[in-house]
2 protein chains.
Amino acid sequence: MSTIRDVARLAGVSISTVSLTLNTPERVATETRRKVAEAAEAVGYSADPIAQSLKRGRSRLIGMVVSDITNPFFGRFLQEIERHAMAADHLVIVSDTSSQIRNEIAILRHLAAQRVSGILLQPTGPMTGPSDHIRQLSMPFVLFDHRLDGVESDFVGADNALASSMLTEHLIRLGHRRIAFLGGTSGLYTAEERKRGFLATMAASGVPADPAIVVDARYDGRHGYEQTMRLMTGPDRPTALIAASNVIALGALQACNELGIACPAEVSLAGIDDVPWAAVVQPRITTAVQPIEDLARTASELLMRRITAPPGTVIDRSEIILAPEIRLGGSTARPA
Amino acid sequence: MSTIRDVARLAGVSISTVSLTLNTPERVATETRRKVAEAAEAVGYSADPIAQSLKRGRSRLIGMVVSDITNPFFGRFLQEIERHAMAADHLVIVSDTSSQIRNEIAILRHLAAQRVSGILLQPTGPMTGPSDHIRQLSMPFVLFDHRLDGVESDFVGADNALASSMLTEHLIRLGHRRIAFLGGTSGLYTAEERKRGFLATMAASGVPADPAIVVDARYDGRHGYEQTMRLMTGPDRPTALIAASNVIALGALQACNELGIACPAEVSLAGIDDVPWAAVVQPRITTAVQPIEDLARTASELLMRRITAPPGTVIDRSEIILAPEIRLGGSTARPA
DNA sequence: TTGAAAGCGCTAACAA
DNA sequence: TTGTTAGCGCTTTCAA
């Protein structure tokens with residue numbers, strides 16, 4: 001690799017002139033600019049990002065931290081983020097916390113040490129959980145998907161309450177009254193919001209939900225399966241199920257299949273989050289899908305806005321909540 | 001952040017002694033070692049990875065480059081890699097080439113500039129495609145999943161030929177003779193291997209495959225769908241389908257569903273690669289699954305072995321091919 | 001066993 | 001408009 005020195009020598013100027021030319025060309029004479037450009041081209045120069053990072057105290061890396069990278073939602077999200085980052089000449093460091101706050105803390109420390117220019121964080125733990133390690137972050141960051149009390153920051157997420165409201169309303173309109181809710185992990189922002197939307201819409205419709213069939217399935221396929229087994233074999237079984245996530249819906253569907261309970265003839269099923277296998281399952285599941293590309297683009301933009309702002313700029317905090325889209329499938333029908 | 005200077009001052013030694021203590025403690029007097037350790041503890045010192053990278057010419061970052069990060073196979077793979085990397089105190093930069101060789105070239109250049117300590121690469125393009133940009137890599141790297149002619153390197157992958165052989169044999173044993181193969185993108189290593197295993201097993205069984213029903217579905221759901229539509233509506237339709245990947249199987253199943261062709265009553269379906277939705281699809285699809293954790297662990301180990309080897313060490317190249325596992329489902333049965 | 005000093009490649013304040 | 005110079009924080013000769 002050639003260094004700034006090689007370019008300077010070949011162009012017959014000092015290294016600071018080369019640096020100046022590359023960083024603020026308008027402050028350099030046109031003729032000099034040309035000479036430097038030619039020399040740089042000739043030796044195939046490109047600045048060493050590590051030296052730049054050391055000097056500037058900031059690298060051209062972005063951190064993306066999520067609770068479970070195998071969730072297809074985050075896979076798609078990551079792909080978009082990476083695309084935007086590359087366009088802005090940044091690389092993306094990805095880290096998976098496995099929903100463990102101590103992992104999150106360790107990872108953020110590593111990212112800080114690497115002087116990443118910004119962080120996209122899907123925080124783990126309950127909304128009211130510890131957040132000092134986030135609040136103390138010295139670089140720009142944007143929270144997404146999961147909100148956290150006590151952290152003043154940009155936030156991008158889908159309207160989780162609206163997602164379950166849409167599904168609930170759809171089921172009520174079809175004539176369902178006894179609707180079960182397979183919730184996400186209690187205490188998590190998205191889980192609480194999704195439950196809230198469900199309960200509010202039920203109440204508004206004059207058929208308040210029966211607490212006995214509003215359960216916690218922990219955003220987890222196994223719990224989705226087990227809870228559905230319990231609900232569908234118990235007394236007074238529901239005529240419809242709303243799953244708070246794609247993996248829960250997966251478990252629920254499996255349970256119904258195994259019990260020989262036909263969907264939608266005997267039970268309607270709707271879920272939140274897109275599922276890559278939606279097209280292949282018969283019947284196709286009715287889902288409220290999050291606008292992943294929009295979420296990722298917005299998060300990128302908010303982060304880049306802060307990264308590229310001149311130091312000292314004060315930028316108002318943005319909270320962007322995007323509406324989900326309901327995709328009707330054959331899994332929801334009038335109750336028997 | 002405190003620097004090495006702060007530690008030196010507090011411990012009453014020079015900065016080189018601090019560095020020595022941290023890097024090669026055995027070369028430092030016990031008493032000095034203690035003083036330095038205490039001082040470091042007291043000021044909460046931790047070495048700046050960027051300064052280390054600049055000096056050492058090597059960062060504690062690992063690059064992982066794949067063609068499509070949304071593929072669940074790579075999602076799982078990444079998760080494992082990230083876990084192993086963290087254990088070795090490395091962060092992972094992830095990049096998606098979208099199967100474009102020019103992206104791959106650009107990304108490898110970026111990773112080289114970041115002085116990553118190693119790269120895990122699932123190379124894109126045909127086996128005989130350009131590979132200069134890979135061969136010229138100055139840091140350790142391991143290819144995985146997809147092999148490349150002309151690159152002498154460690155390689156980790158599943159036995160792709162065996163995967164389709166197993167499925168083919170299973171179908172033949174059930175009595176199928178007219179078996180269609182929905183192949184991956186022509187020219188790609190995995191695609192050719194999977195096809196080869198199919199053809200070899202067919203030939204060995206004395207019922208050579210009909211070229212008319214050995215098609216290219218390009219590792220793509222849409223092509224899987226379209227090719228299946230064509231095959232199943234054409235003359236002399238096959239009694240069984242083998243899909244070269246999970247997404248192809250997805251498309252094939254969708255096509256059969258839409259055509260009203262019952263599986264396995266009217267057609268058997270088997271595929272390569274695990275599918276997260278396997279449990280939910282009725283019937284459960286027979287698959288040959290790659291041992292993802294083993295693949296990822298092996299790749300990590302091979303890479304780390306090179307990264308941690310003293311400079312100048314010659315390490316023989318390893319090619320590790322792991323056997324897939326066949327998981328029988330209800331999607332394969334005797335032909336009608 | 002420890003310290004002084006050079007320097008990795010770059011940026012930026014300051015001087016010319 | 002350009003050059004000199006002092007570092008960013010660390011590792012690593014080399015000398016003491």
Side-chain angles (χ1 to χ4, degrees), chain A residues 1-37 39-40 43-61 89 112-117 138-139 310-312, chain B residues 1-37 39-40 43-61 89 110 112-117 138-139 310-311:
Chain A
M1 263 351 283
S2 51
T3 77
I4 199 171
R5 243 164 266 281
D6 302 319
V7 179
R9 197 173 312 125
L10 187 60
V13 298
S14 74
I15 61 162
S16 49
T17 299
V18 175
S19 178
L20 221 50
T21 309
L22 267 29
N23 295 309
T24 44
E26 63 278 11
R27 286 179 42 190
V28 172
T30 320
E31 172 59 9
T32 311
R33 203 143 74 198
R34 196 189 49 71
K35 279 193 304 190
V36 170
V43 302
Y45 173 74
S46 109
D48 182 333
I50 297 187
Q52 290 182 314
S53 300
L54 181 61
K55 187 67 199 177
R56 293 179 174 155
R58 173 161 302 312
S59 68
R60 296 187 79 79
L61 299 170
D89 200 28
Q114 290 291 343
R115 299 278 195 282
V116 295
S117 52
S138 58
M139 69 281 297
Chain B
M1 264 352 282
S2 51
T3 76
I4 197 171
R5 243 165 267 280
D6 302 319
V7 180
R9 198 174 310 126
L10 187 59
V13 298
S14 72
I15 61 164
S16 42
T17 299
V18 176
S19 178
L20 221 49
T21 309
L22 268 30
N23 294 309
T24 44
E26 65 278 11
R27 286 180 41 190
V28 172
T30 320
E31 171 60 8
T32 312
R33 203 145 71 197
R34 197 190 49 71
K35 281 193 302 188
V36 170
V43 300
Y45 174 74
S46 109
D48 181 334
I50 297 187
Q52 291 183 312
S53 302
L54 181 61
K55 188 66 201 179
R56 294 178 172 157
R58 177 157 302 308
S59 68
R60 295 186 81 80
L61 299 170
D89 200 28
H110 274 112
Q114 289 291 343
R115 298 280 194 282
V116 295
S117 52
S138 57
M139 69 280 297

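Throughout, a chain's letter reflects where its sequence line sits, starting with A, and its residues are numbered from 1.
Under the rule for a salt bridge (charged side-chain N to carboxylate O under 4.0 Å, His left out), Arg33(B) has no partner lying at least two apart in sequence or in another chain. Considering only residues two or more places apart in sequence or on other chains, Leu22(B) meets the side-chain contact (heavy atoms from CB on, under 4.5 Å) condition with Val18(B), Val36(B), Tyr45(B). With sequence neighbours excluded, the residues that form a side-chain contact (heavy atoms from CB on, under 4.5 Å) with Ser16(B) are Ser14(B). Listed by chain and number, the residues in a side-chain hydrogen bond (donor to acceptor under 3.5 Å, both in side chains) with Ser117(A) are His90(A) (sequence neighbours excluded). A search for side-chain hydrogen bond (donor to acceptor under 3.5 Å, both in side chains) contacts involving Ser19(A) returns Asn23(A), not counting sequence neighbours.
In this structure, Ala39(B) and Val7(B) approach most closely via the heavy-atom pair CB-O, 3.7 Å. Thr17(A) and Thr21(A) make their closest contact through O-OG1, 2.5 Å (heavy atoms, listed as atom of the first residue, atom of the second, distance).
Counting only residues at least two apart or in different chains, salt bridge (Lys or Arg N to Asp or Glu O under 4.0 Å) contacts with residues 8-30 of chain A comprise Asp6(A)-Arg9(A).
Here the OG1 atom belonging to Thr3(B) is positioned 8.5 Å from the CD1 atom belonging to Ile15(B), to the nearest 0.5 angstrom. The structure places CE of Met139(B) at 10.0 Å from CD of Gln114(B), a figure rounded to the nearest 0.5 Å. Distance NZ/Lys35(A) to CG/Leu10(A): 11.0 Å, rounded to 0.5 Å. The structure places CZ of Arg58(A) at 11.0 Å from CZ of Arg60(A), a figure rounded to the nearest 0.5 Å.
For the helix from dT1(C)-dA16(D) to dA16(C)-dT1(D), the rotation axes defined at the first and last 5 base pairs enclose an angle of 40°, given to the nearest 10°.
DNA chain D lies under 4.0 Å from at least one heavy atom of each of the following residues of residues 20-33 of chain B: Asn23(B).
With hydrogens and angles ignored, no donor-acceptor pair under 3.5 angstrom links the side chain of Ser19(A) to the base of dA12(C).
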Polar atoms only, N or O, under 3.5 Å: list the protein pairs with nucleotides 6-9 of chain C and their distances.
residue: dG7(C); atom: N2; partner: Lys55(B); partner atom: NZ; Å: 2.8
residue: dG7(C); atom: N3; partner: Lys55(B); partner atom: NZ; Å: 3.2

For residues 46-55 of chain A, which side-chain donor-acceptor pairs fall under 3.5 Å, sequence neighbours excluded?
residue: Asp48(A); atom: OD1; partner: Ile50(A); partner atom: N; Å: 2.7
residue: Asp48(A); atom: OD1; partner: Ala51(A); partner atom: N; Å: 3.4
residue: Ser53(A); atom: OG; partner: Pro49(A); partner atom: O; Å: 2.7

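One finds a side-chain N or O of Thr17(B) lying less than 4.0 angstrom from the OP1 or OP2 phosphate oxygen of dG3(C).
Protein chain B touches strand DNA chain D; the 5'-most and 3'-most nucleotides with an atom under 4.0 angstrom of its non-hydrogen atoms are dG9(D) to dT12(D).
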